[in-house]
Amino acid sequence: MTVNRMLPAALAALLAAGACATPSGTPSATPAATPAAAQAPASAATPLSISDPWVKTARSGMSAAFATLVNTTGEEVTVVAASTPVSPSVELHEVVGDGGATTMRRKQGGVVIPAGGRHVLQPGGDHIMLMNVRTAIEPGAEVPFTLTLKDGRTVSFTAVAKDFAGANESYAPHE
């Protein structure tokens with residue numbers, strides 16, 4: 001007789017769990033269950049994981065953001081744009097050598113992260129360039145960023161602001 005009383009309770013629990021699942025059978029995320037985006041995890045909706053994100057402090061003018069972009073999918077992922085509320089003008093940049101001199105310029109075609117690979121954004125290399133910073137970026141501040149992928153999806157993360165003595169370049173558009 002105990003089994004007959006437990007069966008309806010077990011069935012009710014199963015139905016309740018099914019109501020919380022998406023059509024694919026995976027549990028749906030609730031806003032309270034979604035972690036802060038300091039490090040964006042990869043999933044079917046966001047194929048990139050962002051690790052060690054940081055942004056150079058600045059009162060105004062220019063700054064740059066850096067991180068490691070990790071592609072956990074089986075396909076190439078291309079980042080074509082970036083944005084942040086602290087700057088109205090954000091570009092993906094690269095630093096290239098030309099006859100002994102280095103030049104910073106817009107990275108044509110975006111940043112390509114190979115399937116299962118990673119791409120490092122770092123001072124002196126590829127980076128996210130912030131021009132016309134209008135909101136001071138103070139040490140320790142958490143600055144939100146959004147990356148736009150070639151397929152239109154976006155990945156958001158938060159970068160911590162750090163003082164950095166290097167990267168005191170000047171910017172003159174080459175286009």
Side-chain angles (χ1 to χ4, degrees), residues 24 26 29 31 33-58 61-98 102-169 171 173-175:
S24 67
T26 57
T34 304
Q39 301 204 352
S43 72
T46 56
L48 290 180
S49 173
I50 313 298
S51 62
D52 303 320
W54 66 280
V55 60
K56 181 182 172 191
T57 57
M62 294 188 313
S63 182
F66 312 98
T68 299
L69 310 177
V70 180
N71 178 352
T72 59
T73 73
E75 297 180 6
E76 182 178 270
V77 172
T78 303
V79 178
V80 295
S83 63
T84 179
V86 301
S87 174
S89 180
V90 179
E91 295 179 357
L92 301 173
H93 274 200
E94 64 183 345
V95 176
V96 295
D98 185 22
T102 58
T103 303
M104 180 179 56
R105 66 181 183 201
R106 184 185 295 238
K107 188 160 179 75
Q108 297 300 319
V111 174
V112 178
I113 305 96
R118 62 183 52 229
H119 189 90
V120 178
L121 302 176
Q122 63 188 353
D126 292 353
H127 57 278
I128 300 169
M129 191 73 202
L130 288 68
M131 279 107 34
N132 303 317
V133 171
R134 294 191 179 145
T135 302
I137 303 171
E138 301 291 339
E142 294 183 359
V143 179
F145 284 86
T146 300
L147 302 178
T148 302
L149 308 181
K150 186 176 184 178
D151 66 8
R153 291 184 285 178
T154 59
V155 177
S156 295
F157 66 95
T158 301
V160 65
K162 297 180 182 182
D163 284 329
F164 182 67
N168 290 318
E169 65 280 324
Y171 179 74
H174 300 286
E175 299 173 52

Identify the two heavy atoms, one from [X] and one from [Y], that lie closest to each other, and give their separation to 0.1 Å.
X	Y	result
Ala67	Pro53	CB-CA, 3.7 Å
Glu94	Asp126	CB-OD1, 3.1 Å
Ser89	Asn132	CB-ND2, 4.1 Å
Thr57	Pro139	CG2-N, 3.5 Å
Thr84	Pro144	OG1-O, 2.7 Å
Gly110	Leu92	CA-CD1, 4.1 Å

Practice item. List the steps and the verdict of side-chain contact (heavy atoms from CB on, under 4.5 Å) for Val79 and Leu149. Key: CA-CA 4 Å; Val79 178; Leu149 308 181; 3.8 Å; yes
Check your understanding: So how far is it from His93 NE2 to Ile128 CD1, rounded to the nearest 0.5 Å?
Key ->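 That separation rounds to 11.0 Å.
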Exercise for review: Starting at CE of Met129, measure out to OG of Ser63 and round the result to the nearest 0.5 Å.
Suggested key: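 If I round to the nearest 0.5 Å, the distance is 7.5 Å.
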Do [X] and [Y] have side chains that get closer than 4.5 Å, going by heavy atoms?
X	Y	answer
Ile50	Leu69	yes
Leu147	Val111	no
Pro47	Arg153	yes

Check your understanding: Does CD belonging to Glu138 count more than 12 external heavy atoms closer than 6.0 Å?
Key -> yes
**Study point:** Test side-chain contact (heavy atoms from CB on, under 4.5 Å) applied to Leu48 and Asn71, step by step
**Key:** CA-CA 5 Å; Leu48 290 180; Asn71 178 352; 4.1 Å; yes
Check your understanding: Counting distance only, does the side-chain N/O of His127 pair as donor-acceptor with the main-chain N or O of Gly125 below 3.5 Å?
Key -> yes
Review point. Checking side-chain contact (heavy atoms from CB on, under 4.5 Å) for the pair Phe145/Val55: CA distance, chi angles, key distance, verdict?
Key: CA-CA 10 Å; Phe145 284 86; Val55 60; 4.1 Å; yes
**Study point:** For Thr68, all residues meeting side chain to side chain donor-acceptor pair (under 3.5 Å), sequence neighbours excluded
**Key:** none
Check your understanding: Relative to each other, are the rings of Trp54 and Phe66 parallel, tilted or perpendicular (30° and 60° limits)?
Key -> tilted
